[in-house]
Amino acid sequence: MTETRWRAASGPDAAVAAIRRRTTVTPVVAIVLGSGLGGLADEVHDAARIPYAEIPGWKPSTAPGHAGELVVGTLAGKPVAVMKGRLHYYEGYDMAEVAFPVRVFHAWGIGTLVATNACGGLNPAFRSGDLMVMTDHINFMGANPLRGPNDDALGPRFPDMVGTYTEELRRMAHEVDDDLREGTYVAVAGPNFETPAELRMLRGFGGDAVGMSTVPEILVARQLGMRILAIATVTDMATGIPGQIEHVSSDAVLEVAERAGKRLAKVIEGVVARL
Ligand code: HPA
């Protein structure tokens with residue numbers, strides 16, 4: 001197959017065509033649910049549930065706590081697409097594969113992305129279970145989904161990142177829940193949790209939270225001109241400060257995320273209702 005034909009067969013348009021064969025709904029917002037945060041997908045009414053494996057070009061989710069299905073239906077009276085589980089760089093996918101779903105959402109006509117994740121708290125004022133509205137990020141993954149040939153029809157070669165996290169959506173989130181934190185999320189490649197020295201460095205860089213996801217999707221959404229809201233769930237305190245050092249495990253992360261996820265679901269439903 002020529003490269004162009006390969007692209008047509010497995011690019012975002014082919015994925016949209018496959019999704020449209022399963023549902024007539026055209027969502028106004030796409031919601032990405034992170035580790036242990038999949039519960040919101042069960043609140044979607046009249047849902048079509050499409051396993052990632054059935055969407056061409058879309059990789060399956062292999063991470064714990066990530067179901068791997070696209071749920072399309074109605075939430076808070078609005079048509080939505082919910083990713084129950086995301087793809088991560090640490091799973092071995094390249095950055096373009098990790099962010100491919102966002103290209104599909106854009107090609108489908110969706111203008112707003114809501115991303116969630118589980119993260120470690122670097123800011124000593126945070127507590128595990130806190131929800132942090134992302135105001136900015138630091139890409140410390142050492143890779144970028146925008147690398148490679150650029151289609152100027154879709155977005156600029158050198159996207160401006162100032163104002164990536166849409167002010168109006170952040171304001172809506174605070175209207176729904178008046179006890180949300182705000183801050184800068186640092187994305188690392190993982191899959192190991194950070195050393196105490198790395199955590200102190202990331203805090204010194206200006207990070208309030210650290211995690212292994214979200215930034216790839218945000219970079220693509222930004223380049224495509226989408227409106228963006230991202231909310232991080234602090235599942236453990238990762239300060240690296242001697243005397244306060246906690247061990248962290250995937251099971252503990254999932255347990256806290258599942259509890260905090262109920263509150264996060266309310267915030268997202270409230271924001272969706274306001275869209
Ligand atoms: N570090 C990185 N990723 C995470 C953490 C953490 O402490 N907690 C949840 N995801």
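Atoms within a ligand are numbered from 1 in the order they appear, just like the ligands themselves.
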Asker: Ion pair present between Arg171 and Glu167, side-chain N to carboxylate O less than 4.0 angstrom?
Answerer: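 Looking at Glu167 together with Arg171, the answer is no, because their closest N to O distance does not fall below 4.0 Å.
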
Asker: Between Asp136 and Thr184, is any side-chain donor less than 3.5 angstrom from a side-chain acceptor?
Answerer: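 The criterion, which ignores hydrogens and geometry beyond distance, is not satisfied for Thr184 and Asp136.
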
Asker: For atom 2 (C) of ligand 1, what is the closest protein heavy atom, and at what distance to 0.1 Å?
Answerer: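 Checked against all protein heavy atoms, atom 2 (C) of ligand 1 sits closest to Glu194 OE2, 3.2 Å.
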
Asker: Taking only heavy atoms of Ala238, which atoms of ligand 1 are found under 4.0 Å from at least one of them?
Answerer: 7 (O)

Asker: Should we say atom CZ of Arg22 is surrounded by more than 12 heavy atoms from elsewhere, each under 6.0 Å from it?
Answerer: yes

Asker: Ignoring hydrogens and geometry beyond distance, is a side-chain donor-acceptor pair present between Arg263 and Thr233 at under 3.5 Å?
Answerer: no

Asker: Can you sort out which atoms of ligand 1 are near Thr235, meaning under 4.0 Å from one of its heavy atoms?
Answerer: 8 (N), 9 (C)

Asker: Taking heavy atoms and a distance under 4.0 Å, where does Asn117 meet ligand 1: side chain, backbone, both or neither?
Answerer: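 Neither part.
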
Asker: Tell me whether Thr116 contacts the main-chain N or O of Gly34 through its side chain, where contact means a donor paired with an acceptor under 3.5 Å.
Answerer: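 Confirmed, Thr116 side chain pairs with Gly34 backbone.
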
Asker: Atom 10 (N) of ligand 1: which protein heavy atom is closest, and how many Å away?
Answerer: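 The closest heavy atom on the protein side is Ala118 O, 3.4 Å.
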
Asker: What part of Cys119 sits under 4.0 Å from ligand 1 if we count only heavy atoms: the side chain, the backbone, both or neither?
Answerer: backbone

Asker: Can you pull out the closest protein heavy atom to atom 8 (N) of ligand 1? Residue, atom name and distance to 0.1 Å, please.
Answerer: Asp236 OD1, 2.6 Å

Asker: Just checking, any donor-acceptor pair under 3.5 angstrom between side chains of Glu91 and Thr62?
Answerer: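 The answer is yes; a qualifying pair exists.
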
Asker: Closer than 4.0 Å to some heavy atom of Gly120 - which atoms of ligand 1 meet that?
Answerer: 4 (C), 5 (C), 6 (C), 7 (O), 8 (N), 9 (C)

Asker: Step by step, would you call Phe205 with Phe140 a ring pair (Phe, Tyr, Trp, His ring centres under 6.0 Å)?
Answerer: CA-CA 11 Å; Phe205 280 179; Phe140 209 61; 5.7 Å; yes

Asker: In terms of residue, atom name and distance, what is the protein heavy atom nearest to atom 3 (N) of ligand 1?
Answerer: Gly211 CA, 3.5 Å

